[in-house]
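Worksheet: one structure, shown below.
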Amino acid sequence: MGTAEPAKTPGRPGADTQVVPLRHPGRPRTEMQVVPLRHPGRWVAAAVVCLLAAMAVHSLFFSNVKRDGVTESRFEWDIINHYFFSTGVLEGLGVTLALTAVAMAGGILLGVVLSIMRLSPNPIVTGSSWVYIWFFRGTPVLVQLLFWYNAAYIFPSFTLGVPFGPALAHFNLNSWLTPFVAACLGLALNEGAYMAEIIRAGIISVDEGQTEAAQSLGMSRLQALRLIVLPQAMRVVIPPTGNETISMLKTSSLASVVVAPELLFRVEQIYAANYYVIPLLMVASLQYLWVTSVLMVGQYYLERHYARGAARQLPPTPLQRLRRWLLIRPDEHRWARLAHPKTVPLAGYPHE
Amino acid sequence: MNEVMVSAEGVRKHFGRLEVLRGIDLEVRAGEVLCMIGPSGAGKSTFLRCINHLEKIDEGRLTVDGELVGYREHSGRLYELRDREVGQRRAQIGMVFQHFNLFPHMTALENVTVGPLKVKHEDKGAATERGREMLRRVGLADKVVAYPRQLSGGQQQRVAIARALCMQPKLMLFDEPTSALDPELVSDVLDVMRSLADDGMTMVVVTHEMGFAREVGDSLVFMDEGVIVESGPPKSVLTSPRHERTQAFLSRIL
Ligand SMILES: Nc1ncnc2c1ncn2[C@@H]1O[C@H](COP(=O)(O)OP(=O)(O)O)[C@@H](O)[C@H]1O
Ligand SMILES: [Mg+2]
């Protein structure tokens with residue numbers, strides 16, 4: 001840093017083929033000025049989008065209709081607002097969240113076991129994992145849910161023991177298989193089949209040299225899998241798992257057919273009594289929507305966590321970017337950075 | 001004469017119908033550096049992998065420090081060892097790969113200490129202390145918290161060497177450690193290996209660096225098509241090869 005920077009000494013002898021570094025537009029420090037490319041198409045697209053958005057906002061919030069001679073707001077926001085925080089809806093949301101969490105946790109656990117079985121050298125183990133996946137992916141979830149709901153009919157009680165031999169444990173399924181348990185079972189067992197394939201894809205995406213290096217350090221196969229392979233597989237596994245979680249949140253509404261008291265079921269109960277069908281469906285949708293949004297943010301940070309070492313430098317999070325942008329000194333062209341975020345360097349704000 | 005560290009007698013290995021090793025006999029004594037050369041596909045990597053039982057041999061006998069790596073011998077029979085027991089023996093044999101195979105989700109220090117912590121169940125403080133020491137030894141004291149992808153190839157390979165050394169092995173295996181490196185980075189890695197040899201580490205090195213083989217190697221083996229064609233002191237094998245195939249190979253690469 002002690003020597004003068006050559007780029008700041010214009011007219012250096014013999015410097016006619018000098019490379020021009022990119023600087024802030026509007027504040028050229030070099031001999032040549034960079035004229036940013038214009039994009040008229042973008043402005044047209046932006047205008048169209050703004051127009052459509054305005055129409056949507058108007059029809060959603062500011063338009064009225066006449067029903068039976070009474071003028072009221074089109075989407076009955078007062079009713080949506082009233083039921084959004086009602087006890088029934090919140091309880092339903094709680095059950096939906098519990099169902100999603102249990103089904104995903106069970107599914108992931110099952111998926112890990114099935115995927116490891118799938119990669120086992122033992123053909124019987126591999127085969128049984130394959131059959132499981134074949135069956136649970138090959139039949140509709142709705143049918144599986146209905147099956148578990150009615151399982152107590154086929155197995156009123158369930159005895160664990162040696163076939164044709166002594167019994168070890170005894171369950172009374174009739175009392176034990178509540179709608180919630182049936183829904184959890186159905187969703188988790190189904191999810192396990194999908195998670196198994198996702199996790200297997202993650203495991204085989206990790207180079208074989210990693211296992212070899214781990215084994216040459218003296219790790220056992222399982223240690224190598226747990227400490228070396230699975231953490232690396234996570235990068236490949238997390239995006240589709242986030243997808244599955246978000247999808248599960250909504251698939252869990254299928255549990256309403258087996259009278260599990262989840263969000264959609266509770267909403268249906270309410271509108272069966274008061275006929276506010278659309279407002280209550282809006283309530284359910286908005287509840288699903290905000291939980292999905294939270295899950296998406298969670299997924300973003302989880303992905304970042306497992307990207308450690310995968311990229312040389314992690315890009316800043318949207319929050320970090322916003323904070324830095326607000327901290328930019330006025331002479332640093334805050335607005336120019338908005339239009340050209342890639343080309344204008346964040347001077348003076350090194351990566352943390 | 002020192003004790004025998006690696007001993008191979010009639011080692012054979014095939015993959016399906018392909019015979020990769022067809023009767024390998026050799027001996028490496030403690031403190032010796034054995035270099036192996038030979039054309040691609042000769043079976044050099046396979047032999048190294050057999051030494052630490054990453055591959056099972058089909059015939060013959062292969063011992064490290066007097067012990068079979070994958071088996072226990074009892075009244076004339078060989079009993080296969082459990083995964084964990086093989087691990088305990090492998091832990092005493094360091095291996096360095098052509099493509100480094102560092103763990104990309106761990107920093108240099110974590111790469112170096114994961115073995116001592118998880119395999120030898122060492123105390124964290126002691127393992128970290130030695131990990132830093134090993135990284136210093138390979139000239140990377142300032143890269144302790146760097147992830148592999150933030151390092152150059154030469155630096156990565158030196159971390160890989162430190163990782164193997166941190167297990168305090170009695171034998172080090174190198175499989176073409178400089179073949180994937182840019183030419184100007186090769187010497188850094190070779191310097192580390194040379195200093196290891198000077199400290200008396202027993203090493204088996206598959207390499208195409210003839211200068212290294214000549215200066216550091218105690219003996220040189222030329223392998224082709226699964227057999228040892230020629231062996232002896234590096235200088236004599238390199239300057240006056242007796243065998244036709246050795247001559248042909250050397251004339252191609254020199
Ligand atoms: N796991 C394996 N399965 C089948 N063939 C293999 C396997 N590993 C190595 N080979 C074959 O064995 C031969 C020797 O390979 P290798 O030991 O890697 O040779 P070198 O390291 O001397 O180049 C090659 O023909 C290679 O294709
Ligand atoms: Mg090889």
Side-chain angles (χ1 to χ4, degrees), chain A residues 112 116-117 119-123 125-126 199 201-239 241 301-316 350-352, chain B residues 45 48-49 51-55 69 81-108 110-121 145-151 159-160 163-169 171-173 175 180:
Chain A
V112 170
I116 292 173
M117 284 169 69
L119 299 165
S120 149
N122 182 340
V125 173
T126 323
I199 293 167
I203 290 176
I204 57 182
S205 77
V206 178
D207 184 62
E208 207 150 334
Q210 294 288 310
T211 310
E212 258 169 38
Q215 287 186 315
S216 79
L217 284 176
M219 290 187 200
S220 66
R221 275 189 164 280
L222 274 181
Q223 261 183 321
L225 194 67
R226 188 164 52 83
L227 297 171
I228 306 302
V229 177
L230 283 181
Q232 293 181 60
M234 288 306 258
R235 275 193 60 230
V236 175
V237 167
I238 284 176
T241 305
Y301 282 97
L302 207 61
E303 271 175 35
R304 255 179 92 78
H305 175 76
Y306 282 102
R308 262 175 327 162
R312 278 162 192 252
Q313 190 101 57
L314 289 177
H351 284 287
E352 280 114 338
Chain B
S45 300
L48 279 197
R49 293 157 53 79
I51 293 180
N52 69 358
H53 203 63
L54 283 174
E55 300 288 354
V69 176
L81 291 179
R82 282 168 211 282
D83 208 18
R84 232 163 236 290
E85 296 167 314
V86 179
Q88 292 304 328
R89 298 197 182 179
R90 271 194 200 126
Q92 304 173 345
I93 305 170
M95 184 148 187
V96 175
F97 301 85
Q98 181 175 355
H99 296 288
F100 331 136
N101 296 355
L102 288 181
F103 307 133
H105 59 304
M106 297 181 178
T107 62
E110 287 166 345
N111 263 281
V112 170
T113 54
V114 68
L117 289 175
K118 301 293 176 178
V119 176
K120 292 180 148 184
H121 305 289
V145 292
Y147 284 99
R149 232 154 277 189
Q150 297 165 330
L151 299 173
V159 174
R163 174 173 73 178
L165 288 179
C166 207
M167 295 295 285
Q168 300 175 304
L171 167 68
M172 286 281 285
L173 309 174
D175 192 358

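Numbers restart at 1 for each chain; the letters A, B, ... are given by sequence-line order, proteins then strands.
The parts of Phe103(B) that come within reach of chain A are both its backbone and its side chain, each placing non-hydrogen atoms under 4.5 angstrom from that chain. Contacts between Pro148(B) and chain A at a heavy-atom distance below 4.5 Å are absent for every atom of the residue. For a residue to count as touching a neighbouring chain, one of its non-hydrogen atoms must lie under 4.5 Å from one of that chain's; by this rule Arg49(B) touches chain A with the side chain only. Only the side chain of Gln223(A) comes within contact range of chain B, judged by heavy atoms closer than 4.5 Å. Contact annotation for Leu173(B): neither backbone nor side-chain heavy atoms come within less than 4.5 Å of a heavy atom of chain A.
Counting heavy atoms from C-beta outward, Leu217(A) and Met167(B) have side chains that approach closer than 4.5 Å. The closest side-chain heavy-atom distance from Ile228(A) to Met106(B) is below 4.5 Å.
We find the CD-CG distance between Gln215(A) and Asp83(B) to be 6.5 Å, quoted to the nearest 0.5 Å. Taking CG of Leu54(B) as the reference point, atom OG of Ser216(A) lies at 6.5 Å (rounded to 0.5 Å). Atom NE2 in His99(B) sits 13.0 Å away from atom CD in Gln210(A) (nearest 0.5 Å).
For the pair Gln232(A) and Pro104(B), the tightest heavy-atom approach, listed with the atom from each and the gap, is OE1-CG, 3.2 Å.
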| task | Quick one: do Val114(B) and Met219(A) satisfy side-chain contact (heavy atoms from CB on, under 4.5 Å)? Show the steps, please. | result | CA-CA 10 Å; Val114(B) 68; Met219(A) 290 187 200; 3.9 Å; yes
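For the pair Asn101(B) (side chain) and Gly209(A) (backbone), a donor-acceptor distance under 3.5 Å is present.
For Arg84(B), the CZ atom is loosely surrounded, since the number of other residues' heavy atoms within 6.0 Å does not exceed 12.
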